Protein chains: 2
Amino acid sequence: MNKSALVYDDLMQKIEGEIYPVGTYLPSENQLCDLYGISRETGRKALAELAENGYIQKIRGKGSLVIEHHQYEFPVSGIVSYKELAAKLHIKTENIVYSYEPNAILPVADFTALGTELTEAPVTAIKRVRVINDEPDIIDKDYILKTVIPDVPRSAAEDSLYDYFENQLGLEIGYATKEITMAPATAEDCEHLGLKPGAYVAVVRSVTSLTDARAFQFTESRHRPDKFSFRDFARRAHK
Amino acid sequence: MNKSALVYDDLMQKIEGEIYPVGTYLPSENQLCDLYGISRETGRKALAELAENGYIQKIRGKGSLVIEHHQYEFPVSGIVSYKELAAKLHIKTENIVYSYEPNAILPVADFTALGTELTEAPVTAIKRVRVINDEPDIIDKDYILKTVIPDVPRSAAEDSLYDYFENQLGLEIGYATKEITMAPATAEDCEHLGLKPGAYVAVVRSVTSLTDARAFQFTESRHRPDKFSFRDFARRAHK
DNA sequence: GTTGACAACTTGTCTAAACAAGTTTATATT
DNA sequence: AATATAAACTTGTTTAGACAAGTTGTCAAC
C-alpha cells in the first residue's frame, strides 16, 4: 500500500474512533509531515480523499475540520458487497439463490439507459433474495458477461460474487454507474418480497466495470419501499 | 481560475463535444504538459478529477480512456440548481411558490437522520412545485437557517435560491448530504402532484453546507414516482 | 479602547525531478 | 516462425521547494 493510502486509513480510523471528533481540526499539513514522516503533497493527497469522501472540510487559513459523516448506509452505497456491508454493520443477512441460469441472454432494454450498446450478449443470470433480519427486503438480478467471466459457479452466487471476482479470479473492480427509479411491483416482486398488488418498489440498475474499463456485470435490484434508503455525499462543482 | 481547472474544463468540453470520443485515449500526461504549458502534476490533477466524475478511466501503461458518461441527469444530481439544470438540458420548467413563511421553525425530526442536532431553529420556510413540461412533478420544501441567512425574499424563491445565495450574497456552497427514501403520498402530495391516494412518492432529504462547514439549508423534495430518476457514479474503494 | 501593521500560522497552487511499474513495439536471437 | 530482450512509451508515487492567499494573535500607534 502507498504512503498516502496508509495515512488516509489511519486518519479515517481515528476519525471514526473519535480520536479526532466531529468539530475538531486534524493536525495541520506540516504536522502530518512530521507525524508520518512524509512530504506535504503526500499528506495532502490523503486529506483530499478524506474530503472527497465526506470526512473533513478543508478551510483555507484554518485547517481540516472533521464533519458529520455517513457511509456504509444500508443497503445502497458506493460499490460494496453485501458480505462486506453485513460484516461492517453486524447485520444478520441471508442470501437465497432462487434462479441460476449459466447460459442466458442479457435483457438489453433494461440497461440501455446506462449507456450499454450490447445486444444478445451471453451471460450467467442469477436471481437472489436478500433476507435481512429474517425479512425478505431485496431482489437482486445479476447478469455477468461470459465474454469476461466465462463461468460463475452457483456456489459463488450463494456466498459473494465480489469475493469470487476479486479474490478467486484476481479481477480488479473499477467503477459502476447506478440508476435509481421507482416502478410498480411485479408479480415476482410481490411473491418474493411479500408485497400487495399495486405496491411500488425502488429499482436500482447498475453496470459495473473493471479497472480496464470492460463492463462485466449488470444488476437490477428491487427493494421493498419501506426499507429502501440511499445516502449520497456531493460537493458543489468548482467555478 | 487555476491552471488545472482550466485544463479540466477544456478536456471536459472536448470529451462532451466528441473531439475525444468514448473509447479513445486523451493525450498522454507528457503531451498535456506541452499542449497547455503546464507541469505534469498539474495535468494529473485535472485528469484525476475527470476520473472522479466518470469521464475517463486511467489505465497504467496505456493512458486515459474516455468512457461512457452520464451527468446532469434530471432531476437529482450533485448540487445543481433547477435553473442551472434547465439551462443545461433545455427543459421548459416552471416554479410555483405556494407557501412562504419568513418566520418558521425547522421540523427537526425530518433531518435527524442526516446528522443534525438542531432544535427549534428559526428558518425561512418555502414550499414550491416544480412544473416540468406543463406537468407538476416535484414538491420542494426548503428551510433556510435565519442564523446564517437572515432574509430570503420571496422573489429569490420564485427565481433561484442558489443564484441568490451565491451571486447576491456572495456565499460559497460547499457540500451536501442527501438521503433518498420512499414514502406514501400525503394529501398535500396528491393535491399538488395530481396523485391518487395510496400512491408512493420518492423523498429526497438533503442538508447543504457552506465551505466553512456551516449547515444552512434543509430541503425535502417529494417526487412523482413515474418521473423520479437518480444517477450515481461510484469507484471501488482502494485496498 | 480602537485601529492598523505585522508576524506566524494555516491551506492552495504549481514546478521539476526522480524512480517504480505496466504496455507496446521493435529488434535480435534462437 | 517463435522467443526473448531491450527500448520507448505509458501512468503511479513521492519528494523538496517556492510563492500565493486566508486566518489569527501580538503589538505598537493613535
Side-chain angles (χ1 to χ4, degrees), chain A residues 1-11 20 23-52 55-67 170-172 174-175 210-214 235-239, chain B residues 1-11 20 23-52 55-67 170-172 174-175 210-214 235-239:
Chain A
M1 204 141 92
N2 20 353
K3 289 190 185 181
S4 62
L6 286 168
V7 174
Y8 173 90
D9 281 358
D10 193 63
L11 290 175
Y20 300 129
T24 65
Y25 285 90
L26 295 184
S28 77
E29 295 177 353
N30 284 319
Q31 288 172 328
L32 291 179
C33 297
D34 297 338
L35 281 172
Y36 293 98
I38 55 175
S39 69
R40 193 174 151 221
E41 278 300 331
T42 300
R44 280 179 62 78
K45 202 173 266 185
L47 292 176
E49 200 156 358
L50 287 170
E52 185 66 44
Y55 286 98
I56 61 172
Q57 172 71 11
K58 301 200 75 182
I59 305 177
R60 185 201 280 226
K62 300 185 83 171
S64 298
L65 181 65
V66 179
I67 61 178
L171 298 173
E172 288 187 348
Y175 58 92
L210 301 172
T211 50
D212 64 4
R214 280 183 297 165
R235 290 191 173 275
R236 175 79 167 152
H238 56 291
K239 278 146 279 182
Chain B
M1 207 140 95
N2 21 353
K3 288 190 185 180
S4 63
L6 286 168
V7 174
Y8 173 91
D9 281 357
D10 192 64
L11 290 174
Y20 300 129
T24 65
Y25 285 91
L26 295 185
S28 76
E29 296 178 353
N30 284 319
Q31 288 172 329
L32 291 180
C33 297
D34 297 339
L35 281 173
Y36 294 99
I38 55 174
S39 71
R40 194 173 151 224
E41 278 301 328
T42 300
R44 281 179 62 78
K45 202 173 269 185
L47 293 176
E49 199 156 359
L50 286 170
E52 186 65 45
Y55 285 98
I56 62 172
Q57 172 71 9
K58 302 201 75 180
I59 305 177
R60 187 203 283 232
K62 301 185 83 171
S64 297
L65 182 64
V66 179
I67 61 178
L171 298 173
E172 289 186 348
Y175 58 91
L210 301 173
T211 50
D212 63 5
R214 281 183 297 165
R235 291 191 171 274
R236 176 77 165 153
H238 57 290
K239 277 148 278 184

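Below, chain A is the first sequence line, B the second, and so on; all start at residue 1. Below, all heavy atoms of this structure are taken into account, side chains as well, without hydrogens, waters or symmetry copies. Remember, predicted model here, so these are calculated numbers, not experimental data.
Side chains of A:Gln57 and A:Arg235: a donor on one and an acceptor on the other come within 3.5 Å.
Between A:Ser4 and the phosphate of D:dT14, there is a side-chain N or O to OP1/OP2 separation shorter than 4.0 Å.
The CD atom of A:Gln31 sits 10.5 Å away from the CG atom of A:Leu26 when rounded to the nearest 0.5 Å. Put simply, CG on B:Leu6 and CG on B:Leu11 are 11.0 Å apart, with the number rounded to the nearest 0.5 Å.
Rounded to whole Å, the distance from CD on A:Glu29 to C1' on D:dA16 is 15 Å. Note: CZ (A:Arg44) to C1' (D:dT15) measures 15 Å, nearest angstrom. Distance CD (A:Glu41) to P (D:dG12): 16 Å, rounded to an integer number of Å. The OH-P distance, from A:Tyr25 to D:dG22, rounds to 16 Å in whole Å. Rounded to an integer number of Å, the gap from OH of A:Tyr8 to C1' of D:dT13 is 18 Å.
Judged purely by atom type and a 3.5 angstrom limit, B:Asn2 has no side-chain atom pairing as donor or acceptor with the backbone of B:Ser4.
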* Asked: Going through the distances and angles, do B:Tyr36 and B:Lys3 end up as a side chain to side chain contact (heavy atoms under 4.5 Å, CB included)?
  -> CA-CA 9 Å; B:Tyr36 294 99; B:Lys3 288 190 185 180; over 6 Å; no
* Determine, step by step, whether B:Asp9 and B:Met1 satisfy the side chain to side chain contact (heavy atoms under 4.5 Å, CB included) criterion, reporting the C-alpha distance in whole Å, the side-chain angles of both residues, the deciding distance to 0.1 Å, and the verdict. => CA-CA 10 Å; B:Asp9 281 357; B:Met1 207 140 95; 2.9 Å; yes
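Contact annotation for B:Lys45: no contact, since no heavy-atom pair falls under 4.0 Å across all strands.
When all heavy atoms of B:Leu32 and B:Ile38 are compared, the closest pair comes out as O-CG1, 3.8 Å. Between A:Pro27 and A:Tyr20, the shortest heavy-atom contact is CG-OH, 3.5 Å.
Heavy-atom contacts of chain B under 4.0 Å fall on DNA chain C between two terminal nucleotides, which in 5' to 3' order are C:dT13 to C:dT24.
Of all the residues in residues 56-66 of chain A, A:Arg60, A:Gly61, A:Lys62 reach under 4.0 Å from DNA chain D with at least one non-hydrogen atom.
The residue among B:Arg40 and A:Thr42 whose nearest nucleotide of DNA chain D lies closer to the 5′ end is B:Arg40.
Here the options are B:Arg44, B:Lys45, B:Arg60, the test is salt bridge (Lys or Arg N to Asp or Glu O under 4.0 Å), and the partner is B:Glu29; only B:Arg44 passes.
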